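Everything on this sheet refers to the single structure shown next.
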Amino acid sequence: MAKSKFEYVRLFEADDRCLPNTWIVVRVDGKGFHKFSTEHEYEKPNDIKALSLMNRAATSVMEEFKDVCLAYGQSDEYSFVFRKETQAYSRRSAKLSTNVCSLFTSAFVYYWNEYFPTGKPRYPPVFDGRTVLYPSNQNIRDYLSWRQADCHINNLYNTTFWALILKGGLTPAEAENKLKGTLSGDKNEILFSQFGVNYNTEPEMLRKGTVLVRRKVPVALPNGGIREKSQIVQEYVDIIGDEFWNTNSHLLTVT
C-alpha cells in the first residue's frame with residue numbers, strides 16, 4: 001500500500017491485543033430487551049421461540065469462529081469462550097468483540113422469520129459486546145458457573161413473578177412487592193402451593209440455559225457407512241459441578 005503524509009494518524013490507535021495464554025470470553029448482551037420483548041409480544045415468563053432464535057444466532061458465531069470451544073446462553077445474552085491459544089484477529093480485543101457481536105446481531109435478524117414467521121422485527125434489535133480475559137481454568141469455570149447461577153436466580157424469580165400475574169391476578173407492582181425479600185425456597189413454595197407448579201420439572205433450557213459445544217457425532221454416508229463428524233450440539237446441563245467438565249475434559253486442554 002502506498003504511503004502518504006497522513007499515515008501518522010495510525011499512531012493514535014491503541015494496542016488492545018489480549019494477553020497470551022488466557023481464556024478470552026466475548027459476551028453479547030441485548031440492549032433494551034425488556035422493551036424489545038414487550039414490543040414483539042414475547043411469551044412470559046419465557047418465549048421458547050426467542051430463546052431458540054438466540055441459540056441459532058450463537059450457532060452461527062461458532063460456525064464462523066472455529067476457536068470458540070464453548071458458548072453459553074440464557075435470556076438475552078450469550079458468552080463465547082475462545083481457546084487460550086487462539087490467534088483469531090491477532091487476539092485484538094475490539095476486533096473480537098465487534099466481529100462476534102455484529103455476526104450475532106445479523107444472524108438474529110437473518111433467522112428471525114424462521115421463529116417469528118408473521119413478519120420482520122418492528123425495529124432493529126441491538127446487542128453490545130465486551131471482551132474479558134480469564135487466566136486459569138478455574139477462573140473460566142467460575143465465570144460460566146456465575147452465568148448459570150444467574151440464569152437460575154432470574155428464571156425462578158420471573159417464573160414466580162409471572163405466575164402471580166397471569167394465574168394469580170396480581171398487578172406487576174403487587175407481584176413485585178409479594179416477592180420482595182423472598183428466598184429460593186419461598187418462591188418454590190409459592191409456585192407449588194398456589195399454582196401446582198414444581199419448578200424442578202420446568203424445561204431444563206429455562207432453568208439451566210443452553211450450552212453449545214463441538215462434539216463428534218455419527219453421520220450416515222451416501223454409501224451406507226457411518227463416520228464421526230464434529231458438529232455443534234445444544235445441551236441443557238449443569239456446568240457448575242464437575243460432571244460436565246470431567247466428560248468434556250478436552251475443553252480445558254491446550255491443543
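Remember, predicted model here, so these are calculated numbers, not experimental data.
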**Message:** Under a plain distance cut-off of 3.5 Å, with no hydrogens placed, do Y134 and D142 share a side-chain donor-acceptor pair?
**Reply:** no
**Message:** I want to check something: taking the side chain as every heavy atom from C-beta on, are K31 and D76 in contact at a cut-off of under 4.5 Å?
**Reply:** no
**Prompt:** At their closest point, which heavy atom of L70 faces which heavy atom of M62, and how far apart are they?
**Reply:** N-CE, 4.3 Å
**Prompt:** Do L170 and E176 touch side chain to side chain, with heavy atoms closer than 4.5 Å?
**Reply:** no
**Prompt:** Just checking, R56 and Y111: is the charged tip under 6.0 Å from the six-membered ring centre and within 45° of the axis?
**Reply:** yes
**Item:** hydrophobic_cluster_shared for W146 and V237, side chain cutoff 4.5 Å
**Value:** yes
**Message:** Could you measure the distance from the OG atom of S79 to the CG atom of L144? Nearest 0.5 Å is fine.
**Reply:** 7.0 Å
**Request:** Kindly give the heavy-atom pair with the smallest separation between C151 and G209, and that separation in Å.
**Result:** SG-N, 3.6 Å
**Request:** Determine whether L212 and V61 fall in the same hydrophobic cluster, where Ile, Leu, Val, Met, Phe, Trp and Tyr are linked whenever their side-chain heavy atoms lie under 4.5 Å apart.
**Result:** yes
**Exercise: do Y143 and R27 side chains pair donor with acceptor under 3.5 Å** = yes
**Request:** Enter the distance from T160:OG1 to L191:CG here, rounded to the nearest 0.5 Å.
**Result:** 3.5 Å
**Message:** Is it true that, when you exclude R214 itself, more than 12 heavy atoms of the residues, nucleotides or ligands shown sit nearer than 6.0 Å to its CZ?
**Reply:** yes
**Heavy-atom donor-acceptor pair, N155 side chain to H152 backbone, under 3.5 Å** = no
**Complete:** Heavy-atom closest pair (P172 atom, F161 atom, distance to 0.1 Å) is O-CE1, 3.5 Å
**Request:** Give a yes or no on this: more than 12 heavy atoms of other residues, nucleotides or ligands lie within 6.0 Å of atom NZ of K95.
**Result:** no
**Prompt:** Quick check: does any side chain N or O of K84 sit under 3.5 Å from a backbone N or O of P135, one acting as donor and the other as acceptor?
**Reply:** yes
**Prompt:** Less than 4.5 Å apart, any side-chain heavy atom of V217 and any of E228?
**Reply:** no
**Prompt:** Donor-acceptor pair, N46 side chain versus I48 backbone, under 3.5 Å?
**Reply:** no
**Asked** Measuring from E43:CD to L51:CG, what's the distance to the nearest 0.5 Å?
**Response** 10.5 Å
**Prompt:** Counting only heavy atoms not in F195, do more than 12 fall under 6.0 Å of its CZ?
**Reply:** yes
**Asked** Taking all non-hydrogen atoms of both residues, which atom of S60 and which atom of L103 are closest, and how far apart?
**Response** O-CD2, 3.8 Å
**Prompt:** Is the shortest distance from a Lys or Arg side-chain nitrogen in R147 or E77 to a carboxylate oxygen in the other one below 4.0 Å?
**Reply:** yes
**Asked** So, N55 and Y78: side-chain donor and acceptor under 3.5 Å apart, yes or no?
**Response** yes
**Asked** Under 4.5 Å between any side-chain heavy atoms of D238 and E243, yes or no?
**Response** no
**Item:** In one Ile/Leu/Val/Met/Phe/Trp/Tyr side-chain cluster, 4.5 Å: L206, Y157
**Value:** no
**Prompt:** Would one find more than 12 heavy atoms of other residues, nucleotides or ligands at under 6.0 Å from atom OH of Y8?
**Reply:** no
**Asked** Does some side-chain heavy atom of E174 sit less than 4.5 Å from a side-chain heavy atom of T171?
**Response** yes
**Prompt:** Do you see a donor-acceptor pair shorter than 3.5 Å between the side chains of T182 and K187?
**Reply:** yes
**Prompt:** Is atom CZ of R122 surrounded by more than 12 heavy atoms (other residues, nucleotides or ligands) closer than 6.0 Å?
**Reply:** yes
**Asked** Sub-3.5 Å donor-acceptor pair from the side chain of T159 to the main-chain atoms of L156, do we have one?
**Response** no
**Prompt:** Which pair of non-hydrogen atoms, one from C69 and one from L251, has the smallest distance, and what is that distance?
**Reply:** O-CD2, 3.6 Å
**Request:** Determine whether V25 and F82 make a side-chain contact, defined as any pair of heavy atoms from C-beta on separated by less than 4.5 Å.
**Result:** no
**Request:** Return yes if a side-chain donor-acceptor contact under 3.5 Å exists between D16 and S93, otherwise no.
**Result:** no
**Item:** Donor-acceptor pair, side chain of S4 and main chain of F6, under 3.5 angstrom
**Value:** yes
**Asked** F33 vs F127 aromatic rings, parallel, tilted or perpendicular, using cut-offs 30° and 60°?
**Response** tilted
**Message:** For N248 and R215, which I'm curious about, is there any donor-acceptor pair between the side chains at under 3.5 Å?
**Reply:** yes
**Message:** Any donor-acceptor pair under 3.5 Å linking the side-chain atoms of W245 with those of N137?
**Reply:** no
**Complete:** For C101 and V28, the nearest pair of non-hydrogen atoms, with its separation, is CA-CG2, 4.1 Å
**Prompt:** Any chance the side chains of T22 and R91 put a donor and an acceptor closer than 3.5 Å?
**Reply:** yes
**Asked** Between I24 and T131, is a side chain to side chain contact (heavy atoms under 4.5 Å, CB included) present by the stated rule, with each step listed?
**Response** CA-CA 7 Å; I24 301 175; T131 301; 3.7 Å; yes
**Prompt:** Side chain of Q148, backbone of I239: donor and acceptor closer than 3.5 Å?
**Reply:** yes
**Message:** Under 3.5 Å, is there a donor on one side chain and an acceptor on the other for N154 and N158?
**Reply:** no
**Request:** Report the distance from atom OG of S97 to atom CG of D128, rounding to the nearest 0.5 Å.
**Result:** 9.5 Å
**Message:** Can you confirm whether Y236 is buried at OH, in the sense that more than 12 heavy atoms of other residues, nucleotides or ligands lie under 6.0 Å from that atom?
**Reply:** yes
**Asked** Taking side chain as C-beta onward, heavy atoms only, is F192 less than 4.5 Å from Y199?
**Response** no
**Request:** Check for a donor-acceptor pair, side chain of T86 on one end and backbone N or O of R83 on the other, with a separation under 3.5 Å.
**Result:** no
**Item:** Hydrophobic cluster identity match, W23 and V26, side-chain contacts under 4.5 Å
**Value:** no
**Prompt:** Centres of the F80 and F65 rings: under 6.0 Å?
**Reply:** no
**Request:** Test the K49-Y42 pair against the cation-pi criterion, namely NZ or CZ under 6.0 angstrom from the six-membered ring centroid and within 45° of the ring axis.
**Result:** no
**Request:** Is it possible for you to say whether I165 and I190 belong to one hydrophobic cluster, with membership spreading through side-chain heavy-atom contacts below 4.5 Å?
**Result:** yes
**Message:** Quick check: do Q234 and V211 have side-chain heavy atoms less than 4.5 Å from each other?
**Reply:** no
**D29/R130 salt bridge by N-O under 4.0 Å criterion** = yes
**Request:** Inspect the surroundings of NZ in K66 and state if more than 12 heavy atoms from other residues, nucleotides or ligands are less than 6.0 Å away.
**Result:** yes
**Message:** Would you say the rings of H40 and W112 are close, in the sense that their centroids are separated by under 6.0 Å?
**Reply:** yes
**Message:** Under a 3.5 Å cutoff, is there a donor and acceptor pairing between the side chains of Y72 and Q74?
**Reply:** no
